[in-house]
2 protein chains.
Amino acid sequence: METLRERKKRRTREALLRAALELFTSRGYERTTVDEIAEAVDVSQRTFFRYFAGKEDVAFTVQEMTEAAFVAAVRARPPHEAPMEALRQAFLEGWEAIRETVESVVPVELYLRMYRTIESTPALLAAHLRRSAATEETLARLLAEREGVDVDTDPRPRLAVAVFGGVIRVSERQWSTSEDHGPESVRTLTASYLDQLGSALTGHWRAA
Amino acid sequence: METLRERKKRRTREALLRAALELFTSRGYERTTVDEIAEAVDVSQRTFFRYFAGKEDVAFTVQEMTEAAFVAAVRARPPHEAPMEALRQAFLEGWEAIRETVESVVPVELYLRMYRTIESTPALLAAHLRRSAATEETLARLLAEREGVDVDTDPRPRLAVAVFGGVIRVSERQWSTSEDHGPESVRTLTASYLDQLGSALTGHWRAA
DNA sequence: CAGGTTAATGACAGTGACTGACAGTTGACA
DNA sequence: TGTCAACTGTCAGTCACTGTCATTAACCTG
(Lines give C-alpha, C1' and ligand atoms only; values in the text may rest on other atoms or scores of the structure.)
Protein backbone atom coordinates (compact mmCIF):
# COMPACT_ATOMS: atom_id res chain seq x y z
CA MET A 1 0.00 0.00 0.00
CA GLU A 2 0.84 3.66 -0.42
CA THR A 3 2.53 5.75 2.21
CA LEU A 4 1.34 9.29 2.94
CA ARG A 5 4.42 10.76 1.29
CA GLU A 6 3.79 8.82 -1.90
CA ARG A 7 0.13 9.79 -1.93
CA LYS A 8 1.02 13.47 -1.65
CA LYS A 9 3.51 13.16 -4.46
CA ARG A 10 1.04 11.46 -6.74
CA ARG A 11 -1.58 14.08 -6.02
CA THR A 12 0.82 16.95 -6.70
CA ARG A 13 1.92 15.35 -9.93
CA GLU A 14 -1.59 14.75 -11.17
CA ALA A 15 -2.67 18.23 -10.17
CA LEU A 16 0.23 19.72 -12.12
CA LEU A 17 -0.59 17.55 -15.12
CA ARG A 18 -4.27 18.46 -15.14
CA ALA A 19 -3.59 22.15 -14.59
CA ALA A 20 -1.02 22.18 -17.37
CA LEU A 21 -3.28 20.45 -19.93
CA GLU A 22 -6.19 22.67 -18.97
CA LEU A 23 -4.09 25.80 -19.47
CA PHE A 24 -2.43 24.55 -22.65
CA THR A 25 -5.72 23.66 -24.30
CA SER A 26 -7.55 26.83 -23.28
CA ARG A 27 -4.94 29.58 -23.34
CA GLY A 28 -2.54 27.90 -25.76
CA TYR A 29 0.82 26.25 -25.13
CA GLU A 30 3.12 29.20 -25.78
CA ARG A 31 0.91 31.66 -23.95
CA THR A 32 1.12 29.50 -20.82
CA THR A 33 4.12 29.96 -18.54
CA VAL A 34 5.47 27.37 -16.16
CA ASP A 35 4.96 29.88 -13.36
CA GLU A 36 1.24 29.94 -14.10
CA ILE A 37 1.01 26.15 -13.96
CA ALA A 38 2.87 26.05 -10.66
CA GLU A 39 0.78 28.86 -9.27
CA ALA A 40 -2.45 27.09 -10.23
CA VAL A 41 -1.40 24.16 -8.04
CA ASP A 42 0.19 26.42 -5.43
CA VAL A 43 3.71 25.03 -5.58
CA SER A 44 6.96 26.73 -6.50
CA GLN A 45 8.24 26.74 -10.06
CA ARG A 46 11.18 24.67 -8.86
CA THR A 47 8.83 21.94 -7.74
CA PHE A 48 7.25 21.75 -11.18
CA PHE A 49 10.66 20.95 -12.62
CA ARG A 50 11.13 18.24 -10.02
CA TYR A 51 8.07 16.41 -11.37
CA PHE A 52 8.48 17.09 -15.07
CA ALA A 53 11.65 17.42 -17.10
CA GLY A 54 10.28 20.49 -18.83
CA LYS A 55 7.24 22.31 -20.09
CA GLU A 56 7.17 20.04 -23.14
CA ASP A 57 7.32 16.96 -20.99
CA VAL A 58 3.92 17.54 -19.32
CA ALA A 59 2.28 18.01 -22.66
CA PHE A 60 3.25 14.47 -23.69
CA THR A 61 2.64 12.59 -20.47
CA VAL A 62 -0.62 11.08 -21.68
CA GLN A 63 0.69 10.50 -25.19
CA GLU A 64 3.50 8.52 -23.69
CA MET A 65 1.03 6.18 -22.04
CA THR A 66 -0.87 5.54 -25.24
CA GLU A 67 2.32 4.86 -27.15
CA ALA A 68 3.42 2.35 -24.55
CA ALA A 69 -0.01 0.73 -24.69
CA PHE A 70 0.21 0.41 -28.46
CA VAL A 71 3.65 -1.16 -28.34
CA ALA A 72 2.32 -3.62 -25.76
CA ALA A 73 -0.63 -4.41 -28.02
CA VAL A 74 1.72 -5.22 -30.89
CA ARG A 75 3.81 -7.38 -28.62
CA ALA A 76 0.71 -9.34 -27.67
CA ARG A 77 -0.21 -10.20 -31.25
CA PRO A 78 -0.04 -13.89 -32.21
CA PRO A 79 3.21 -14.77 -34.01
CA HIS A 80 1.47 -16.23 -37.05
CA GLU A 81 0.28 -12.79 -38.11
CA ALA A 82 2.35 -11.06 -40.77
CA PRO A 83 4.07 -7.84 -39.62
CA MET A 84 1.78 -5.29 -41.22
CA GLU A 85 -1.23 -7.30 -40.16
CA ALA A 86 -0.03 -7.33 -36.56
CA LEU A 87 0.38 -3.54 -36.60
CA ARG A 88 -3.04 -3.08 -38.13
CA GLN A 89 -4.82 -5.34 -35.68
CA ALA A 90 -3.00 -3.96 -32.67
CA PHE A 91 -4.11 -0.48 -33.61
CA LEU A 92 -7.71 -1.31 -34.42
CA GLU A 93 -8.35 -3.73 -31.57
CA GLY A 94 -6.23 -2.08 -28.92
CA TRP A 95 -8.30 1.06 -29.02
CA GLU A 96 -10.49 0.33 -26.05
CA ALA A 97 -7.59 -0.66 -23.80
CA ILE A 98 -5.79 2.55 -24.71
CA ARG A 99 -8.89 4.55 -23.94
CA GLU A 100 -9.13 3.01 -20.48
CA THR A 101 -5.46 3.71 -19.83
CA VAL A 102 -6.04 7.36 -20.58
CA GLU A 103 -9.21 7.66 -18.55
CA SER A 104 -7.39 6.47 -15.44
CA VAL A 105 -5.37 9.68 -15.41
CA VAL A 106 -7.30 12.43 -17.17
CA PRO A 107 -10.73 12.73 -18.83
CA VAL A 108 -10.52 11.41 -22.39
CA GLU A 109 -12.09 14.63 -23.58
CA LEU A 110 -9.11 16.60 -22.22
CA TYR A 111 -6.75 14.16 -23.92
CA LEU A 112 -8.45 14.75 -27.25
CA ARG A 113 -8.28 18.51 -26.84
CA MET A 114 -4.59 18.23 -25.98
CA TYR A 115 -4.06 16.19 -29.12
CA ARG A 116 -5.43 18.99 -31.27
CA THR A 117 -3.26 21.48 -29.43
CA ILE A 118 -0.19 19.39 -30.19
CA GLU A 119 -1.08 19.20 -33.88
CA SER A 120 -1.58 22.94 -34.12
CA THR A 121 1.45 24.07 -32.11
CA PRO A 122 4.67 23.92 -34.18
CA ALA A 123 6.98 23.31 -31.23
CA LEU A 124 4.76 20.48 -29.95
CA LEU A 125 4.25 18.98 -33.39
CA ALA A 126 8.02 18.75 -33.80
CA ALA A 127 8.38 17.01 -30.45
CA HIS A 128 5.51 14.69 -31.33
CA LEU A 129 7.13 13.63 -34.58
CA ARG A 130 10.42 12.93 -32.86
CA ARG A 131 8.68 10.84 -30.24
CA SER A 132 6.88 8.96 -32.97
CA ALA A 133 10.22 8.27 -34.60
CA ALA A 134 11.47 6.78 -31.37
CA THR A 135 8.39 4.59 -31.05
CA GLU A 136 8.86 3.44 -34.63
CA GLU A 137 12.38 2.37 -33.82
CA THR A 138 11.06 0.27 -30.94
CA LEU A 139 8.44 -1.30 -33.18
CA ALA A 140 10.96 -2.04 -35.91
CA ARG A 141 13.11 -3.97 -33.45
CA LEU A 142 10.07 -5.76 -32.13
CA LEU A 143 8.90 -6.88 -35.57
CA ALA A 144 12.43 -7.85 -36.59
CA GLU A 145 12.64 -10.09 -33.56
CA ARG A 146 9.21 -11.63 -34.25
CA GLU A 147 10.26 -12.43 -37.78
CA GLY A 148 13.78 -13.47 -36.91
CA VAL A 149 15.56 -10.96 -39.13
CA ASP A 150 18.35 -8.53 -38.31
CA VAL A 151 17.07 -4.98 -38.02
CA ASP A 152 20.45 -3.53 -38.96
CA THR A 153 20.96 -5.40 -42.21
CA ASP A 154 17.39 -5.98 -43.37
CA PRO A 155 15.63 -2.67 -44.09
CA ARG A 156 12.14 -4.18 -44.19
CA PRO A 157 11.30 -3.80 -40.50
CA ARG A 158 12.05 -0.09 -40.49
CA LEU A 159 10.39 0.39 -43.86
CA ALA A 160 7.20 -1.33 -42.81
CA VAL A 161 7.01 0.61 -39.58
CA ALA A 162 7.78 3.91 -41.32
CA VAL A 163 4.95 3.28 -43.78
CA PHE A 164 2.55 2.34 -40.99
CA GLY A 165 3.60 5.43 -39.03
CA GLY A 166 2.97 7.53 -42.09
CA VAL A 167 -0.54 6.18 -42.45
CA ILE A 168 -1.24 6.83 -38.78
CA ARG A 169 0.00 10.40 -39.07
CA VAL A 170 -2.13 11.09 -42.13
CA SER A 171 -5.22 9.77 -40.35
CA GLU A 172 -4.44 11.69 -37.19
CA ARG A 173 -3.97 14.87 -39.15
CA GLN A 174 -7.19 14.36 -41.06
CA TRP A 175 -8.99 13.60 -37.82
CA SER A 176 -7.66 16.59 -35.92
CA THR A 177 -8.67 19.02 -38.66
CA SER A 178 -12.08 17.55 -39.37
CA GLU A 179 -15.38 18.10 -37.62
CA ASP A 180 -15.92 14.60 -36.34
CA HIS A 181 -13.87 14.32 -33.19
CA GLY A 182 -15.34 11.13 -31.88
CA PRO A 183 -12.62 8.68 -30.90
CA GLU A 184 -14.18 6.10 -33.20
CA SER A 185 -13.49 8.07 -36.35
CA VAL A 186 -9.71 7.58 -36.16
CA ARG A 187 -10.22 3.83 -36.31
CA THR A 188 -12.34 3.82 -39.42
CA LEU A 189 -10.11 6.41 -41.06
CA THR A 190 -6.97 4.38 -40.38
CA ALA A 191 -8.51 1.16 -41.59
CA SER A 192 -9.66 2.82 -44.78
CA TYR A 193 -6.29 4.41 -45.43
CA LEU A 194 -4.44 1.15 -44.88
CA ASP A 195 -6.70 -0.39 -47.50
CA GLN A 196 -5.93 2.37 -49.96
CA LEU A 197 -2.17 2.06 -49.57
CA GLY A 198 -1.76 -0.18 -52.56
CA SER A 199 -3.63 2.04 -54.96
CA ALA A 200 -1.84 5.11 -53.63
CA LEU A 201 1.55 3.62 -54.49
CA THR A 202 0.89 2.24 -57.94
CA GLY A 203 0.12 3.94 -61.24
CA HIS A 204 -1.94 7.03 -61.78
CA TRP A 205 -4.84 8.16 -59.61
CA ARG A 206 -6.95 9.77 -62.26
CA ALA A 207 -9.72 7.43 -63.35
CA ALA A 208 -8.86 6.34 -66.91
CA MET B 1 23.93 44.58 -59.73
CA GLU B 2 24.44 44.66 -56.02
CA THR B 3 24.69 47.80 -53.95
CA LEU B 4 27.34 48.11 -51.24
CA ARG B 5 24.77 47.84 -48.50
CA GLU B 6 23.39 44.63 -49.96
CA ARG B 7 26.89 43.22 -50.35
CA LYS B 8 27.67 43.92 -46.71
CA LYS B 9 24.45 42.29 -45.61
CA ARG B 10 25.05 39.21 -47.67
CA ARG B 11 28.58 38.89 -46.34
CA THR B 12 27.44 39.26 -42.73
CA ARG B 13 24.75 36.67 -43.25
CA GLU B 14 27.05 34.17 -44.88
CA ALA B 15 29.70 34.73 -42.25
CA LEU B 16 27.15 34.08 -39.51
CA LEU B 17 25.93 30.96 -41.30
CA ARG B 18 29.40 29.53 -41.79
CA ALA B 19 30.51 30.36 -38.27
CA ALA B 20 27.37 28.78 -36.84
CA LEU B 21 27.69 25.54 -38.83
CA GLU B 22 31.37 25.32 -38.00
CA LEU B 23 30.69 25.72 -34.29
CA PHE B 24 27.66 23.42 -34.30
CA THR B 25 29.50 20.61 -36.03
CA SER B 26 32.69 20.87 -33.98
CA ARG B 27 31.56 21.87 -30.50
CA GLY B 28 28.00 20.55 -30.74
CA TYR B 29 24.71 22.44 -31.14
CA GLU B 30 23.75 22.77 -27.50
CA ARG B 31 27.26 23.63 -26.39
CA THR B 32 27.31 26.56 -28.80
CA THR B 33 25.76 29.84 -27.67
CA VAL B 34 24.39 32.53 -29.94
CA ASP B 35 26.81 34.94 -28.29
CA GLU B 36 29.70 32.82 -29.46
CA ILE B 37 28.43 32.79 -33.05
CA ALA B 38 27.98 36.56 -33.00
CA GLU B 39 31.38 37.07 -31.43
CA ALA B 40 33.05 34.90 -34.08
CA VAL B 41 31.73 37.29 -36.74
CA ASP B 42 32.22 40.34 -34.53
CA VAL B 43 28.64 41.55 -34.47
CA SER B 44 26.24 41.98 -31.58
CA GLN B 45 23.89 39.20 -30.50
CA ARG B 46 21.00 41.42 -31.53
CA THR B 47 22.28 41.49 -35.08
CA PHE B 48 22.36 37.72 -35.25
CA PHE B 49 18.64 37.69 -34.51
CA ARG B 50 18.05 40.23 -37.25
CA TYR B 51 19.46 37.80 -39.81
CA PHE B 52 18.08 34.55 -38.43
CA ALA B 53 14.83 33.91 -36.65
CA GLY B 54 16.62 31.83 -34.04
CA LYS B 55 19.47 29.52 -33.26
CA GLU B 56 17.56 26.64 -34.85
CA ASP B 57 16.95 28.64 -38.00
CA VAL B 58 20.64 28.86 -38.97
CA ALA B 59 21.06 25.14 -38.59
CA PHE B 60 18.47 24.52 -41.31
CA THR B 61 19.37 27.23 -43.78
CA VAL B 62 21.10 24.82 -46.15
CA GLN B 63 18.51 22.09 -45.61
CA GLU B 64 15.88 24.56 -46.68
CA MET B 65 17.63 25.08 -49.98
CA THR B 66 17.86 21.37 -50.73
CA GLU B 67 14.20 20.86 -49.87
CA ALA B 68 13.19 23.65 -52.21
CA ALA B 69 15.40 22.14 -54.92
CA PHE B 70 13.75 18.76 -54.49
CA VAL B 71 10.25 20.22 -54.72
CA ALA B 72 11.32 22.03 -57.87
CA ALA B 73 12.69 18.78 -59.30
CA VAL B 74 9.36 17.05 -58.70
CA ARG B 75 7.55 19.95 -60.31
CA ALA B 76 9.74 19.58 -63.39
CA ARG B 77 8.88 15.89 -63.92
CA PRO B 78 6.94 15.04 -67.08
CA PRO B 79 3.20 14.66 -66.41
CA HIS B 80 2.99 11.18 -67.88
CA GLU B 81 4.98 9.77 -64.95
CA ALA B 82 2.97 8.16 -62.18
CA PRO B 83 3.20 9.95 -58.80
CA MET B 84 5.57 7.58 -57.03
CA GLU B 85 7.72 7.35 -60.13
CA ALA B 86 7.97 11.14 -60.30
CA LEU B 87 9.12 11.31 -56.69
CA ARG B 88 11.64 8.56 -57.25
CA GLN B 89 13.13 10.07 -60.38
CA ALA B 90 13.22 13.57 -58.94
CA PHE B 91 15.20 12.30 -56.00
CA LEU B 92 17.60 10.12 -57.93
CA GLU B 93 18.21 12.45 -60.86
CA GLY B 94 18.01 15.74 -59.00
CA TRP B 95 20.99 14.89 -56.84
CA GLU B 96 23.62 16.76 -58.83
CA ALA B 97 21.56 19.94 -59.08
CA ILE B 98 21.00 19.87 -55.33
CA ARG B 99 24.70 19.38 -54.74
CA GLU B 100 25.50 22.44 -56.82
CA THR B 101 22.91 24.50 -54.99
CA VAL B 102 24.57 23.64 -51.70
CA GLU B 103 28.10 24.26 -52.91
CA SER B 104 27.19 27.82 -53.88
CA VAL B 105 26.77 28.69 -50.21
CA VAL B 106 28.87 26.36 -48.09
CA PRO B 107 31.29 23.48 -48.78
CA VAL B 108 29.34 20.26 -49.31
CA GLU B 109 31.53 18.62 -46.73
CA LEU B 110 30.27 21.07 -44.08
CA TYR B 111 26.71 20.39 -45.16
CA LEU B 112 27.20 16.67 -44.68
CA ARG B 113 28.71 17.18 -41.25
CA MET B 114 25.78 19.41 -40.31
CA TYR B 115 23.41 16.72 -41.45
CA ARG B 116 24.92 14.23 -39.04
CA THR B 117 24.74 16.81 -36.27
CA ILE B 118 21.04 17.27 -36.95
CA GLU B 119 20.40 13.53 -36.82
CA SER B 120 22.22 13.15 -33.53
CA THR B 121 20.83 16.21 -31.74
CA PRO B 122 17.31 15.56 -30.37
CA ALA B 123 16.16 19.16 -30.61
CA LEU B 124 17.35 19.44 -34.19
CA LEU B 125 15.98 16.06 -35.19
CA ALA B 126 12.55 17.15 -33.98
CA ALA B 127 12.74 20.35 -36.00
CA HIS B 128 13.95 18.38 -39.01
CA LEU B 129 10.99 16.02 -38.87
CA ARG B 130 8.55 18.89 -38.62
CA ARG B 131 10.12 20.58 -41.59
CA SER B 132 9.91 17.33 -43.52
CA ALA B 133 6.24 17.14 -42.67
CA ALA B 134 5.74 20.61 -44.11
CA THR B 135 7.57 19.65 -47.29
CA GLU B 136 5.43 16.53 -47.57
CA GLU B 137 2.33 18.67 -47.42
CA THR B 138 3.64 20.78 -50.30
CA LEU B 139 4.43 17.66 -52.31
CA ALA B 140 1.02 16.15 -51.62
CA ARG B 141 -0.68 19.24 -53.03
CA LEU B 142 1.66 19.21 -55.99
CA LEU B 143 0.96 15.59 -56.86
CA ALA B 144 -2.76 16.03 -56.31
CA GLU B 145 -2.76 18.88 -58.80
CA ARG B 146 -0.72 16.87 -61.32
CA GLU B 147 -3.21 14.04 -61.10
CA GLY B 148 -6.27 16.22 -60.93
CA VAL B 149 -7.57 14.91 -57.61
CA ASP B 150 -8.66 16.81 -54.51
CA VAL B 151 -6.06 16.60 -51.76
CA ASP B 152 -8.68 17.10 -49.05
CA THR B 153 -11.02 14.30 -50.05
CA ASP B 154 -8.66 11.82 -51.68
CA PRO B 155 -6.12 10.48 -49.16
CA ARG B 156 -3.81 8.99 -51.79
CA PRO B 157 -1.61 12.06 -52.36
CA ARG B 158 -0.80 12.39 -48.67
CA LEU B 159 -0.40 8.64 -48.27
CA ALA B 160 1.99 8.32 -51.18
CA VAL B 161 4.08 11.25 -50.00
CA ALA B 162 4.11 9.96 -46.41
CA VAL B 163 5.38 6.59 -47.61
CA PHE B 164 8.02 8.19 -49.78
CA GLY B 165 9.07 10.44 -46.91
CA GLY B 166 9.33 7.40 -44.68
CA VAL B 167 11.64 5.66 -47.13
CA ILE B 168 13.81 8.77 -47.39
CA ARG B 169 14.06 9.03 -43.63
CA VAL B 170 15.03 5.39 -43.25
CA SER B 171 17.76 5.77 -45.86
CA GLU B 172 19.01 9.01 -44.35
CA ARG B 173 19.16 7.43 -40.94
CA GLN B 174 21.00 4.40 -42.25
CA TRP B 175 23.38 6.65 -44.14
CA SER B 176 24.12 8.96 -41.24
CA THR B 177 24.96 6.08 -38.91
CA SER B 178 27.00 4.06 -41.37
CA GLU B 179 30.63 4.36 -42.34
CA ASP B 180 30.17 5.28 -45.96
CA HIS B 181 29.42 8.98 -46.01
CA GLY B 182 29.89 9.57 -49.68
CA PRO B 183 26.96 11.52 -51.12
CA GLU B 184 26.44 8.76 -53.65
CA SER B 185 25.50 6.15 -51.07
CA VAL B 186 22.20 7.83 -50.19
CA ARG B 187 21.08 7.45 -53.78
CA THR B 188 21.75 3.76 -54.05
CA LEU B 189 20.29 3.17 -50.60
CA THR B 190 17.08 5.02 -51.43
CA ALA B 191 16.68 3.25 -54.75
CA SER B 192 17.17 -0.10 -53.10
CA TYR B 193 14.70 0.65 -50.32
CA LEU B 194 12.05 1.84 -52.74
CA ASP B 195 12.41 -1.47 -54.55
CA GLN B 196 11.97 -3.39 -51.32
CA LEU B 197 8.82 -1.54 -50.31
CA GLY B 198 6.51 -4.16 -51.74
CA SER B 199 8.08 -7.08 -49.99
CA ALA B 200 8.26 -5.11 -46.73
CA LEU B 201 4.50 -4.58 -46.74
CA THR B 202 3.28 -8.03 -47.67
CA GLY B 203 3.42 -11.35 -45.85
CA HIS B 204 6.19 -12.64 -43.65
CA TRP B 205 9.85 -11.78 -44.01
CA ARG B 206 11.32 -15.03 -42.83
CA ALA B 207 12.34 -17.17 -45.79
CA ALA B 208 9.91 -20.12 -45.84
C1' DC C 1 6.66 9.65 21.66
C1' DA C 2 11.22 12.01 21.42
C1' DG C 3 14.92 12.50 18.35
C1' DG C 4 17.51 11.57 14.37
C1' DT C 5 17.34 10.48 9.31
C1' DT C 6 15.73 11.30 4.77
C1' DA C 7 12.81 13.01 1.24
C1' DA C 8 10.31 16.99 -0.51
C1' DT C 9 9.96 21.76 -0.99
C1' DG C 10 10.93 26.80 -1.30
C1' DA C 11 13.82 30.70 -1.97
C1' DC C 12 17.47 32.62 -4.51
C1' DA C 13 20.84 33.32 -7.93
C1' DG C 14 22.47 32.49 -12.48
C1' DT C 15 22.54 31.09 -17.66
C1' DG C 16 20.91 31.14 -22.30
C1' DA C 17 17.45 32.11 -25.98
C1' DC C 18 14.86 35.61 -27.45
C1' DT C 19 12.21 40.45 -27.86
C1' DG C 20 11.19 45.46 -27.60
C1' DA C 21 12.74 50.13 -27.42
C1' DC C 22 15.76 53.64 -28.44
C1' DA C 23 19.85 55.86 -29.85
C1' DG C 24 23.86 56.03 -32.88
C1' DT C 25 25.99 55.08 -37.33
C1' DT C 26 26.48 54.49 -42.12
C1' DG C 27 25.21 53.79 -46.98
C1' DA C 28 21.82 55.84 -50.59
C1' DC C 29 20.35 59.46 -53.25
C1' DA C 30 18.73 63.98 -54.50
C1' DT D 1 26.78 67.76 -49.03
C1' DG D 2 22.95 67.17 -46.37
C1' DT D 3 18.84 64.45 -45.54
C1' DC D 4 16.59 60.14 -45.21
C1' DA D 5 16.27 55.39 -44.45
C1' DA D 6 18.46 51.23 -43.36
C1' DC D 7 21.43 48.86 -40.38
C1' DT D 8 23.50 48.15 -35.93
C1' DG D 9 24.63 48.27 -30.86
C1' DT D 10 23.16 48.80 -26.14
C1' DC D 11 20.17 47.94 -22.54
C1' DA D 12 16.48 46.13 -20.12
C1' DG D 13 13.24 42.58 -19.63
C1' DT D 14 10.76 37.79 -20.16
C1' DC D 15 10.76 32.91 -19.94
C1' DA D 16 12.60 28.13 -19.61
C1' DC D 17 15.62 25.78 -16.99
C1' DT D 18 19.54 24.46 -13.38
C1' DG D 19 22.41 24.42 -9.10
C1' DT D 20 22.65 25.36 -4.28
C1' DC D 21 21.26 25.58 0.28
C1' DA D 22 18.26 26.15 4.10
C1' DT D 23 13.68 24.66 5.78
C1' DT D 24 9.87 21.72 6.43
C1' DA D 25 7.51 17.46 6.89
C1' DA D 26 7.17 12.51 6.77
C1' DC D 27 9.39 8.36 8.34
C1' DC D 28 11.60 5.25 11.48
C1' DT D 29 13.92 3.61 15.56
C1' DG D 30 14.68 3.13 20.38
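Below, chains carry the letters A, B, ... as their sequence lines are ordered, and counting in each starts from 1. The model shown is predicted, which means the values in this text are computed figures rather than measured ones.
As rounded to whole Å, 18 Å separates atom P of D/dA5 from atom CZ of B/R50. Rounded to an integer number of Å, the gap from CD of A/Q45 to C1' of D/dT14 is 12 Å. Look at CZ on A/F49: it is 14 Å from P on C/dG10, rounded to the nearest Å. Across the protein-nucleic acid pair, A/R11 atom CZ and D/dA26 atom C1' stand 14 Å apart, rounded to whole Å. Taking atom CD1 of A/I37 as the reference point, atom C1' of D/dC17 lies 13 Å away to the nearest angstrom. Atom NZ in B/K9 sits roughly 8 Å away from atom C1' in D/dA6 (whole-Å rounding). Atom CZ of A/R10 is separated from atom C1' of C/dA7 by 18 Å (rounded to the nearest Å). Rounded to an integer number of Å, the gap from NZ of A/K55 to P of D/dT18 is 14 Å.
Checking the phosphate oxygens (OP1, OP2) of D/dA26, a side-chain nitrogen or oxygen of A/K8 falls inside 4.0 Å. Regarding contacts with the backbone of C/dT9, every side-chain N or O of A/T47 stays at 4.0 angstrom or more from both OP1 and OP2.
Nearest heavy-atom pair across B/A127 and B/F60 is CB-CE1, 3.5 Å. The heavy-atom pair separating B/R88 from B/A191 by the smallest distance is NH2-O, 3.9 Å.
Between A/E36 and A/R31 there is no salt bridge, since no side-chain nitrogen of the basic residue lies less than 4.0 Å from a carboxylate oxygen of the acidic one.
Checking D/dG9, C/dT9, D/dC17 against every side-chain atom of B/R46, the shortest atom distance belongs to D/dG9. Nearest nucleotide to the A/T33 side chain, out of D/dC15, C/dA17, D/dA26: D/dC15. When distances are taken from the side chain of B/V34 to each of C/dG27, C/dT6, C/dC18, the shortest belongs to C/dC18. The listed nucleotides are D/dA16, D/dG9, D/dC7; the one nearest the side chain of B/Y51 is D/dC7.
When each of A/E6 and A/T32 is assigned the nucleotide of DNA chain D with its nearest heavy atom, A/T32 is the one assigned upstream, toward the 5' end. Residues B/D35 and B/L4 both approach DNA chain C. Their nearest nucleotides, taken by heavy-atom distance, put B/D35 toward the 5′ side.
With hydrogens and angles ignored, no donor-acceptor pair under 3.5 angstrom links the side chain of B/R7 to the base of C/dG27.
To the nearest 0.5 Å, atom OG of residue B/S178 and atom CG of residue B/L189 are 7.5 Å apart.
B/F48 comes within 4.0 angstrom of nothing in the nucleic acid, heavy atoms only.
A cation-pi arrangement is absent between B/K55 and B/F49, since the terminal nitrogen or guanidinium carbon is not both under 6.0 Å from the aromatic centre and inside a 45° cone about the axis.
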